Every structure is written in structure tokens, then in C-alpha cells.
Amino acid sequence: MTDDVSRNERIKEASNYLRGTLEQGLREEITGAIVEDDQQLVKFHGLYLQDDRDLRPERTRKKMEKAFAFMIRVRISGGVLTPAQWLALDQIARDYGNGTMKLTTRQTVQLHGVIKSNLKAMMQRIDAVLLNTIAACGDVNRNVMCNPNPHQSRAHGEALELAHKISDHLLPRTPAYREIWLDGERIAGGEDEVVEPIYGKTYLPRKFKVVLAVPPSNDVDIFAHDLGYIAILDEAGSVTGWNVTVGGGMGMTHGEPDTYPRTADVMGHCETRDAVAIAEAVVTVQRDWGDRLNRKHARLKYTIEDRGLDAFRAEVERRAGVLLAPAKPFQFTSTGDRYGWSAGADGRSHLTLYVQNGRLFEKQMSALRRIAQGHDGDFRITPNQHLIIANIPVEKQKEIHWLAVENGLLAPWSGLRRNSMACVALPTCGLALAESERYLPDLVTALDARLAAHGLSADDIVIRMTGCPNGCARPYLAEIGLVGKGPGRYNLYLGAAFDGSRLSKLYAEDIEHDAIIAALDPLFAAYAASRQKGERFGDFTIRAGFVAATGNGRDFHANVGKQRV
Ligand code: SRM
Ligand code: SF4
């Protein structure tokens, strides 16, 4: 390895395929933490060391160690769980975690607040229900997302099957996970290509995310991810092939214009039989071409901006031994969930529940426990942090419906709240600059009052908030995006497309609660007064001249403030 690589590259290289000193660190009783290098490695095992930031000031005053605990992210490709798996995660959250569950923007479950001494027992309980957390985080392919849309069951079934295949194919092969957490026999490290045939010793330069979408729903926000597959359907609703997208991503850093969110490019079209080979080729090109010096420039989106889409496509085709055909036409209509009941072809039904910002507290968890105990269908986590109870037989529908009603799990009337999404942020996220999940519900209440005054209560308007610019709730693809700048302060972004195909643009900087409402109220008034038939709020803010439209890549930071206000 040369000198000019980032610190994380050295940690990976020296880790003996993600082992590091994790086993010793777990035994160390003097601290609730683990050493710094292992903090990076443990992410590849699906765990993050965090501390409760609400308790930081008091503990610092008392000269105590931070309130360390781990966040656990489960790998659930396509977001589908059996009722038994759901019940196990619920029990683990109550036995070892903070008693809540967080449904994430990538169709998984996160549990927070697990102390070090409980980690191993928890991982073994997860394993016992045939789940694991490997590669839920780290510089590898993460959880593969897939449209959880059971009412289009045939295409959805094909998409889910491919999601599982890609997920399995791109899984790290190191035995470290089994050794450390499941007391598996230690297997000696070997040659790179034997231990990790796809990744090698240093894995990828950065995280990597794959999604599959079944139009017309773009609930997975396909343009936000490194690699995507858009199902092309025949008239009978079967998949005939896939358009392949590359180079999407959300993360950026305030004040650093060389970092930016980017919507993915459509690279071409492939047959289902070639989709896994294409995925492997995209991953290995990024492995070899991605930036290993600067982690802020290491995602695939920058590789594609720097090398160009044509060169990237040619290399992928060469490695996969597949020539991509020109992309086929497709159309998305929205990124939201389809709440409420939908009917399956076999007489069974599906109920999409609303979970505010994906956070489940005891009240909702106990209702879902009751559902899981008597349910033989499955639980499907949506990419918008909600939950589908799928395949419900007729005789169970009434009971499940009332459990949902009584426990606040049906979608609210407000068009803004139905389309709201917030990342975790405080108190667990170490990178949060501002509140998100704990604040957005109140902001929506305040904005709802203004929308009601303009007769817009029922209008679907997508609002998303994050506590920092990393973009975990994909805020730059929301018609109203709020991104934490500092305590109580946010940047306001406008002008993204309702179907998830266009990024937003900065409209107002560093503003607090009252200023957010003051900034949006006149826009709501103008929208109510002069929108065209069917015009979405994001499109309106551009047509009316409030913000310029964002093209792609570096264009995100261009023409800011040139709008007519
Ligand atoms: Fe994220 C880091 C939470 C989806 C971009 N994200 C984090 C960490 C782990 C903070 C950290 O590194 O210490 C957050 C943990 C908070 C906590 O206390 O739980 C965190 N990200 C989340 C979740 C839970 C948000 C949510 O409320 O649902 C989502 C979990 C997804 C999952 O289940 O796998 C989550 N993160 C995303 C997404 C959305 C997506 O993938 O669809 C993005 C934007 C898309 C992208 O990757 O470009 C995203 N998270 C980031 C980034 C910025 C990456 C970048 O390229 O710059 C970071 C920071 C980093 O990697 O350095 C980050
Ligand atoms: Fe944390 Fe920032 Fe992600 Fe929110 S967007 S969870 S604050 S890293």
C-alpha cells in the first residue's frame, strides 16, 4: 500500500479481513467503548459506537466517561421480515436496546442503546432467527433496497428475487463476523482473492448502495444511489429487463462546494440474466477507480463525474462481458408510499401503515407484536420508513385494521405529514448538527396550519429533514428539504421533483423555526393562487422563479440566490 491513502484504508489493510482487535475490545470491561480503529471496523459488522448526546454535558461536568452504547443495523434485503423475525427484533429492542425500533430510509431496522457487554448475546439472538448485520454499514455493498409494493406482485416478486441475488453475491466473505459474534471456528486469513474475491483486503473506497425500482413507484429513490435497476415491464406486468443507473448519492459538507448530492445517470439496459454480473463489474470498477485518498471524494458519483459516464460504461461492459443496450423508456410518478389497504391477486390484502419518521415506541410496538403473533404473512419495511403488513387473509383484516387505528398507525390526513421523513439525528447520531426526528413533527404541525389557511391541507408535498448535510433522509430530493446547520438552524432547499428525478436548490440559509415558516408561507399562498392544473409544489417553485432548476452534479451549487423572491 502506498503512503498516500486515507487512514481508513490503513485500518482496513491491517485488520486481517475486518477482525482488528475487536475480540479483545469486547472483553475489555474498563470502558463501554472500543479503540478507535475498531470503531471503523465494527461498522462492517453492522454496529456503530455512539454516545447519548443528551447526557454529554452532565457526564462531562461529573468527569464521567460518555454514555457509550452501540447502534445495530440489521441487513434485510428488500425489507422483508417474517413475523417471527419481527418478534425477535422487537424482543431484542426491549431486552438490550432503548425499547424503541427505528425503521430506516433503507428498509432496515436499527436498534439503539445496546451496551458493549450485551452485544454478543444480541448478535446471537439475531442469528437465531436467520438474520444478520454483516455489511449493513462500512465500505461495502449495503442493504439492497427494493420496491416493497405487493399490489404489483409479479414484477415485485422478480425484483425481490434479484435484490436477494445481488445482496448475496456482493456480501463480504470474511469469516470474521462468525468468529467474533457467533463463536465460529477461527479460519486463517489467506490470499485476497480467496478470502474476498470481489473486495480484496481493503474492500471499497467508501460505502456502496444498490436499489431496484418497479415503476411507476420510485419509493426507493433510485437516483440517490450508487447503482440502481429500473424494471422494464411488458403488458402483462412481467419484467423484460432492467435499465441500469449509476452514480447517485446525497452526502455533502456545508461550505465545501467540491462535495455535492448527485442524481444517478441511466447507463443502459440489461437482461435479468446479466444483472448480477453488471453489479459485480460496477463494484470492482469503483473498487479500482474510486478515490482512496480523500473519503469526501470517494463515492462512485465522483468517480463518474471525474472519469465520465462513457468511460465508466465501457469498463463495466468489458469486465462483465456484457454490452448494455440503450435504456428503454420508463416513467415514475412519485417517491411516496401507498398507504392503507391494497388487494392482492390471491384474495389476500396488504395494509401500509404510517410510522412517523420510522420510530416505533412501546405503544406501536405492542400493537405490532399482537399482529405478528397471529399473522402468517410478512412484514415489509418501506424505503420511506413505514411498514406494510402483507398477505393478510380476509378473516384477519378487521382485527388488524382496528389495532392500527387504535395505535395511531394509519396515515394522517395531512398531505405534508404523509410525505414527511426525518433522519435520526440527536441524541444518538454523532454527526448531527441539529435535531431532526424529534423536531420535524412539530414543524409539520406549524406548517400544516399555514397550508390549511391556503386550502392546501390535503395536497401531497414531500418534506424531508436531516440533522446534517449527509442526507440520510434524502432531503435534496424533497420538494421542501431542511438540512441542519447548527442547533435549531437549517438550510432550506426547494425545487426537487415529486417523482424523485431532480435535485433541489438552496433557497434560504441558516434559518430557525419562525423564519422557516415565514419563508414558506408566501410560497404556499402563491402556489394556491397560481399553480397550473396538476402542478407539483417542487415544479411550481421553479416555474414561479423562486429557485432555479438543478441539473446534475456540480450544478447543485450553481445559480443559488439568482431566483426571484
Ligand atoms: Fe446515513 C452516516 C443514519 C440512510 C448518507 N447515517 C450515518 C450515521 C451512521 C452516522 C455516523 O456515521 O456516525 C447515522 C446513524 C444515526 C443513528 O444514530 O442511528 C446514519 N442513514 C441513517 C439512517 C438510519 C437514517 C434514518 O433515519 O433512516 C439510514 C439508515 C439506512 C440503512 O438502513 O442502511 C441512513 N444515509 C442514509 C442515506 C439514504 C439512502 O441511502 O437511501 C444516505 C444518503 C444516500 C447516500 O449514501 O449518498 C445516507 N449517512 C450518510 C452519510 C453521507 C455519505 C456520503 O457519501 O457523504 C453518512 C456519513 C458518512 O458516511 O461519512 C451517514
Ligand atoms: Fe446523522 Fe446527519 Fe445522517 Fe441525520 S443526516 S442521521 S444527522 S449523519
Side-chain angles (χ1 to χ4, degrees), residues 8 39-40 43 46-53 69-77 79 97-98 100-113 133 135-139 141-145 205-211 219-226 228 247-254 256 259-264 294-302 335 355 357-359 381-386 421-440 464-477 481-485 500:
N8 286 56
Q39 289 175 30
Q40 297 306 320
K43 296 179 186 176
L47 306 170
Y48 276 79
L49 178 67
Q50 304 184 316
D51 73 289
D52 187 329
R53 294 181 58 183
F70 287 79
M71 175 269 275
I72 288 82
R73 190 181 284 166
V74 188
R75 199 169 54 81
I76 310 170
S77 60
N98 65 4
T100 73
M101 293 166 79
K102 170 83 179 182
L103 309 184
T104 76
T105 54
R106 302 202 80 251
Q107 291 183 295
T108 58
V109 177
Q110 279 189 188
L111 307 177
H112 292 93
T133 64
C137 324
D139 296 344
N141 174 51
R142 306 283 187 92
N143 200 42
V144 176
M145 293 219 283
R206 206 61 166 87
K207 56 177 68 169
F208 189 88
K209 298 179 173 178
V210 181
V211 294
D219 55 0
V220 294
D221 256 326
I222 194 138
F223 301 107
H225 303 272
D226 298 278
M250 292 283 102
M252 63 163 212
T253 306
H254 288 312
E256 294 187 19
T259 66
Y260 42 84
R262 182 179 194 276
T263 43
N294 175 6
R295 284 183 69 78
K296 287 191 179 177
H297 186 257
R299 292 293 292 273
L300 177 62
K301 62 184 176 184
Y302 300 116
T335 56
V355 181
N357 301 325
R359 181 69 67 178
I381 302 161
T382 80
N384 289 298
Q385 304 171 319
H386 301 298
M421 193 154 82
C423 73
V424 180
L426 293 166
T428 53
C429 179
L431 306 177
L433 305 171
E435 294 282 353
S436 181
E437 181 191 313
R438 296 195 295 195
Y439 167 52
L440 184 62
R464 295 176 182 171
M465 174 177 281
T466 54
C468 85
N470 281 321
C472 297
R474 303 185 287 268
Y476 314 108
L477 285 168
L482 288 147
V483 174
K485 193 78 198 297

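Everything quoted here is computed from the prediction, not taken from an experiment. Scope of the values below: all heavy atoms of this structure, side chains included, with no hydrogens, waters or symmetry mates. FYI, the numbering just counts along the sequence from 1. For ligands, and for the atoms within them, numbers begin at 1 and follow the listed sequence.
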Return yes when L431 approaches ligand 1 closer than 4.0 angstrom through a heavy atom, no otherwise. yes
G484 versus A434, closest heavy-atom pair with distance: CA-CB, 3.8 Å
G249 neighbourhood, listing ligand 1 atoms whose heavy-atom distance to it stays under 4.0 Å: 48 (O)
Is the shortest side-chain heavy-atom distance between P427 and Q50 below 4.5 Å? no
Trace of the side-chain contact (heavy atoms from CB on, under 4.5 Å) decision for N357 with Q385: CA-CA 6 Å; N357 301 325; Q385 304 171 319; 4.3 Å; yes
Ligand-side contact atoms (ligand 1) for residue partner T108, heavy atom cut-off under 4.0 Å: 32 (C), 33 (O)
What pair of heavy atoms forms the shortest contact from H225 to V220, and how long is it? NE2-O, 3.0 Å
What protein heavy atom sits nearest atom 29 (C) of ligand 1, and how far off is it? T105 OG1, 3.4 Å
Regarding R73 and T104, do their side chains bring together a donor and an acceptor under 3.5 Å, going by distance alone? no
Proximity of V424 to ligand 1 by residue part, where a heavy atom lies under 4.0 Å: both
Donor-acceptor pair, R106 side chain versus N143 backbone, under 3.5 Å? yes
Is a donor from one side chain sitting under 3.5 angstrom from an acceptor on the other, for Q40 and N8? yes
Does some non-hydrogen atom of H112 fall short of 4.0 Å from ligand 1? yes
Heavy-atom closest contact (A224 atom, M250 atom, distance): CB-CE, 4.0 Å
With side-chain contact (heavy atoms from CB on, under 4.5 Å) as the criterion, how do Q107 and N384 come out once you've worked through the C-alpha distance, each side chain's angles and the decisive distance to 0.1 Å? CA-CA 8 Å; Q107 291 183 295; N384 289 298; over 6 Å; no
Does the plane of the ring in Y302 sit parallel, tilted or perpendicular to the ring in H297? Use 30° and 60° as the thresholds. parallel
Nearest option to atom 38 (C) of ligand 1, as decided by whichever heavy atom of R106, K209, Q385 sits closest: K209
Which of the atoms in ligand 1, numbered in the order shown and given with their element, are less than 4.0 Å from a heavy-atom of G251? 48 (O), 55 (C), 57 (O)
Thinking salt bridges, do D226 and R206 make one under a 4.0 Å N-O criterion? no
Of all the atoms in ligand 1, which lie at a distance below 4.0 Å from a heavy atom belonging to Y48? 9 (C), 11 (C), 12 (O), 13 (O)
Looking only at distance, does M250 have an N or O less than 3.5 Å from an N or O of ligand 1? yes
Which segment of A422 sits under 4.0 Å of ligand 1 when only heavy atoms are counted: backbone
Give the minimum heavy-atom separation between G467 and S436, together with the two atoms involved. N-CB, 3.7 Å
Could you tell me the residue and atom name of the protein heavy atom closest to atom 6 (N) of ligand 1, and the distance to it rounded to 0.1 Å? C472 SG, 3.1 Å
Do the non-hydrogen side-chain atoms of V109 and L111 ever get within less than 4.5 Å of each other? yes
Determine yes or no for a side-chain-to-main-chain donor-acceptor pair under 3.5 angstrom, with H386 supplying the side chain and V355 the backbone. yes
Can you name the nearest heavy-atom pair linking M145 to P383, along with the distance? SD-CB, 4.0 Å
Using a heavy-atom cut-off of under 4.0 Å, does the side chain or the backbone of M71 touch ligand 1, or both, or neither? side chain
Residue part near ligand 1, for R142, under 4.0 Å between non-hydrogen atoms: neither
Closest protein heavy atom (residue, atom, distance) for atom 42 (O) of ligand 1: R474 NH1, 2.5 Å
Closest protein heavy atom (residue, atom, distance) for atom 61 (O) of ligand 1: K207 NZ, 2.8 Å
Is there a side-chain hydrogen bond (donor to acceptor under 3.5 Å, both in side chains) between T428 and R53 once you walk through the steps? CA-CA 6 Å; T428 53; R53 294 181 58 183; over 6 Å; no
Which atoms of the protein, restricted to N, O or S, are nearer than 2.8 Å to atom 1 (Fe) of ligand 2? C429 SG
Please work out, at 4.0 Å between heavy atoms, whether the side chain, the backbone, both, or neither of K102 comes within that distance of ligand 1. side chain
Please lay out, stage by stage, how D139 and R295 fare under the test salt bridge (Lys or Arg N to Asp or Glu O under 4.0 Å). CA-CA 11 Å; D139 296 344; R295 284 183 69 78; 3.0 Å; yes
Which protein heavy atom lies closest to atom 44 (C) of ligand 1, and at what distance to 0.1 Å? G471 O, 3.2 Å
Tell me the nearest of H225, E437, R299 to atom 46 (C) of ligand 1, using heavy-atom distances. R299
Can you report which non-hydrogen protein atom sits closest to atom 3 (C) of ligand 1, along with the distance? R73 NH2, 3.7 Å
Heavy-atom contact under 4.0 Å between P261 and ligand 1? no
Would you mind checking which non-hydrogen protein atom is closest to atom 60 (C) of ligand 1, with the distance to 0.1 Å? R206 NH2, 3.5 Å
In terms of residue, atom name and distance, what is the protein heavy atom nearest to atom 16 (C) of ligand 1? C429 CB, 3.6 Å
Is the Y476-F223 ring centre distance short of 6.0 angstrom? no
For Q110, counting its heavy atoms only, list the atoms of ligand 1 lying under 4.0 Å from any of them. 17 (C), 19 (O), 24 (C), 30 (C)
Among the heavy atoms of K301, does any lie under 4.0 Å from an atom of ligand 1? no
